[in-house]
Amino acid sequence: MPQCLNSWTDAAGAAQGKNVPTDPADPRLLGAVAIVLALLVAAIRRHRNRRMLRSLRQRGERLKMALWATGEHYWEYDVGSRVVRLLLVEPDAHGLSDVMHEREVPVEELIHPEDIAGVERAITDCIQGHTRSVVADARVLLDEGEPVWTRARGRVVRRSPQGAALRLAGTARDVSRSRQAERERRIAAQVLHSMDEAVSVVDANFNFISVNRAFTRITGYTAEETLGRSAALLDSDQHDAAFYRHMRATLQRQGQWKGEMWQRRKDGEEFLCRLVCSAVAGASPGEAQYVTVLSDVTREKRAEEELLYLANFDTLTNLPNRAMLSERLSRAIVRARRHGGRIGLLFLDLDRFKDVNDSLGHAAGDRILRAAARRLQQTLGAEHTVARLGGDEFTVVLEDLESAAQAERTAREIIMAFEAPLEIDGHQEIAISPSIGISLYPEHGQVPTELIKRADTAMYQAKAAGRRTFMRYDDAMDVATRTRATLSGALRKVLDRGELRLAYQPRMSLADSRITGVEALLRWSSDEHGEVAPADFIPLAEESGLILEIGEWVLREACLMLGRWQQHGLDPTLAVSINVSALQLQRGDFPQVVRQVLQDTGVAPGSLELELTESMLMANAGQTAARLQAFRDLGVPLAIDDFGTGYSSLAYLKRLPLSTVKIDKTFVDDVSTDPDDAAITSTIITMAHSLGLKVIAEGVETDAQVRFLASHGCDEIQGFWLAAPMDGHACLSFIRNWQPRPARAAAGAP
């Protein structure tokens, strides 16, 4: 130790410049130098490591800041192990700072299965040198959450000595929002260009900026021909300049204008359009632009006129129909009442027309009706209203009569006019005569229905008198009224006597020839009057109010029968439909009656269908819709019966909670021979399906009708082609033994 101390002393003295003798080969001196050098190297290394760590931390922070600022994440892909190493920057639990963490995931677990092939193809192309870098969009699965669309970019960052790619690296970012925005923009563009309406954008000076394809189709102007030009390019001469100034001033002031106006196509044709113009923000602040959506409604207006025509005129003869007759007769009565005038109503029926129609065919029958309509108009002139009520029934309204004899004289002229045969198709002649009944205002009625009814009664008396003559109504003809009174008295006892029964007529699905349901039809077998037609006693029941009691009996009896059928193993989806009277809807709480019957019988609400006539529904569509909603709330489907015989259109049905439309037999009868009936029937089917309604055709009797209805998409059929109405036991047997069969002629059809 003293020697060591001496060595340190010597070394220290030397360092201080003292003359201390030293020996260069002294081991003690060499050891001391080595220690000093080692300490110095260690200090340098510690300093360098601290600087390196500080630099790495700074670089990490810069990388973290760069990734955070760009919203991207760093990734590395090991080619050999197919493992992806992710460096993720995410908010911490408190959202106050960011946390960087690493994760290693096999590529098969990271990428959505539907996108893995595309990603691997992009990596392979880069590894093989086909592309300089990897660019791929794919859905990434992290933390068992929803897949996130990402866009990855990178390239090879490490290769083997032989040049093989060992590792790829790059960044990825979430592109879900941009993809969604791009998708929405693309959809919006597709929608814009696929719209049937012409869409254009104009600037504050009303010069075109943009137009879609429909604009070119509707106006005839291409985008190149319109861009930069004034919207006045389309102005029509049917509006003066003041109209357009007012329209554009309103648009500038209120930011919107809509209405109908005439415009002009490139070829000069005028067309009616519906315009909706709205102000939108332009590309620059404060800049105004206007978007215009233009719809060509020329055809729509024409269609409305055609529908209005169909609602008021007979398509076969072009004469006013029953609705128009009622309106004109009402106006005539108002004028006659005001001026103390008289009106004559002539009710014409062609004698033995049914025999002629059956022998020559319906097409020839239609030609006869058209020829008869022309003969009537030629005989009477344009000053009198000639209408066709339906079938071979026509009416004539004679205003400003001086006496009843004048109406009789006109009737005699009509009969004489039909002495000459009707010419059919320019070569065939048909001899046919009318029987005419006459009623007078004010003697025989104060309203159109009374006049029509009594003229009809007089017409039947003319037929009973031998046809080809006329009769004027008088009270002696009112035997029918007395008969009705007798039936009305007997009707009050039908339930007590058990004289009512139900007959069931099946209906079939055309798609799979399956029996889907039955309609319950009311029958009256009277001990006094025999079989009474429903058309005779149901109106009496409605007038007397008995329909409420009878209707509940029908409802309960039909549901009980359906329940028994289901107990015998019939398909539980089989439905039974019953007809509902307007009085049942208007009086009492019929929905509660239906609810109670369903509860008592155990029948599911969906297995019962209520049928309502078209005239009943459309008498007060708004009030009716509110009443019918109660049945839909119960789950009971509703059908409109005898559609096409009234005055409604399918457009009104959108307000009613209906599920089924039943096409009236009068249209079905001639669908295979009458182009008008065929067109009407196919139109009803198409429009009903567009409203989501099921379509049932009634009165189907022939193979040709079945084929027509099937080819036009009718859902179900009902009529003698399938089966006549039958009692409950026979109907059960029919449904059980039902086997789909090819179309055939109707057995037992009337």
Taking all non-hydrogen atoms of both residues into account, name the closest pair between [X] and [Y] and its distance.
| X | Y | value |
| --- | --- | --- |
| P591 | F631 | CA-CE2, 3.6 Å |
| L325 | A387 | CB-CB, 3.9 Å |
| L709 | A697 | CD1-CB, 3.5 Å |
| T469 | A462 | CG2-O, 3.6 Å |
| S682 | H712 | CB-CD2, 3.4 Å |
| R523 | F537 | C-CZ, 4.4 Å |

Calculate, to the nearest 0.5 Å, the distance between atoms [atom1] and [atom2] belonging to [X] and [Y] respectively.
| X | Y | atom1 | atom2 | answer |
| --- | --- | --- | --- | --- |
| F394 | D314 | CZ | CG | 7.5 Å |
| D674 | H362 | CG | NE2 | 9.5 Å |
| I640 | L658 | CD1 | CG | 6.0 Å |
| M247 | Y244 | CE | OH | 7.5 Å |
| I333 | E399 | CD1 | CD | 10.0 Å |
| K662 | K694 | NZ | NZ | 9.5 Å |

Heavy-atom count around [X] [atom1] within 6.0 Å, excluding the residue itself: above 12?
| X | atom1 | answer |
| --- | --- | --- |
| E402 | CD | no |
| R299 | CZ | no |
| H239 | NE2 | yes |

- Item | Exam field: side chain Q446 to backbone P442, donor-acceptor pair closer than 3.5 Å | yes
- Query: Where the side chain of H246 meets the backbone of A242, is there a donor-acceptor pair that is under 3.5 Å apart?
  - Reply: no
Do [X] and [Y] have side-chain heavy atoms sitting under 4.5 Å apart?
| X | Y | value |
| --- | --- | --- |
| C714 | I685 | yes |
| I663 | I680 | no |
| V532 | L491 | no |

- Note on the structure: Between D366 and the options T317, T673, D677, L316, the side-chain contact (heavy atoms from CB on, under 4.5 Å) test singles out L316
- Message: Using the rule side-chain contact (heavy atoms from CB on, under 4.5 Å), only one of I578, L500, N579 pairs with L522; which is it?
- Response: L500
- Query: Does the distance from a Lys or Arg side-chain N to an Asp or Glu carboxylate O, for D235 and R248, drop under 4.0 Å?
  - Reply: yes
- Message: Using the rule given for side chain to side chain donor-acceptor pair (under 3.5 Å), can you reason through D296 versus Q263, listing the C-alpha separation, both sets of side-chain angles and the distance that settles it, and then say yes or no?
- Response: CA-CA 9 Å; D296 185 349; Q263 295 274 259; over 6 Å; no
- Please test E609 against S659 for side-chain contact (heavy atoms from CB on, under 4.5 Å), starting from the C-alpha separation and ending with a verdict. CA-CA 9 Å; E609 186 176 69; S659 59; 4.3 Å; yes
- Message: Please determine whether side-chain contact (heavy atoms from CB on, under 4.5 Å) holds for the pair E701 and K665, giving the CA-CA distance in whole Å, both sets of side-chain angles, and the decisive distance to 0.1 Å.
- Response: CA-CA 10 Å; E701 298 177 359; K665 182 180 184 298; 3.2 Å; yes
- Message: Could you check whether S435 and D351, counting side-chain N and O atoms only, form a donor-acceptor pair closer than 3.5 Å?
- Response: yes
- Query: Is it the case that Y309 and N318 place a side-chain donor and acceptor less than 3.5 Å from each other?
  - Reply: yes
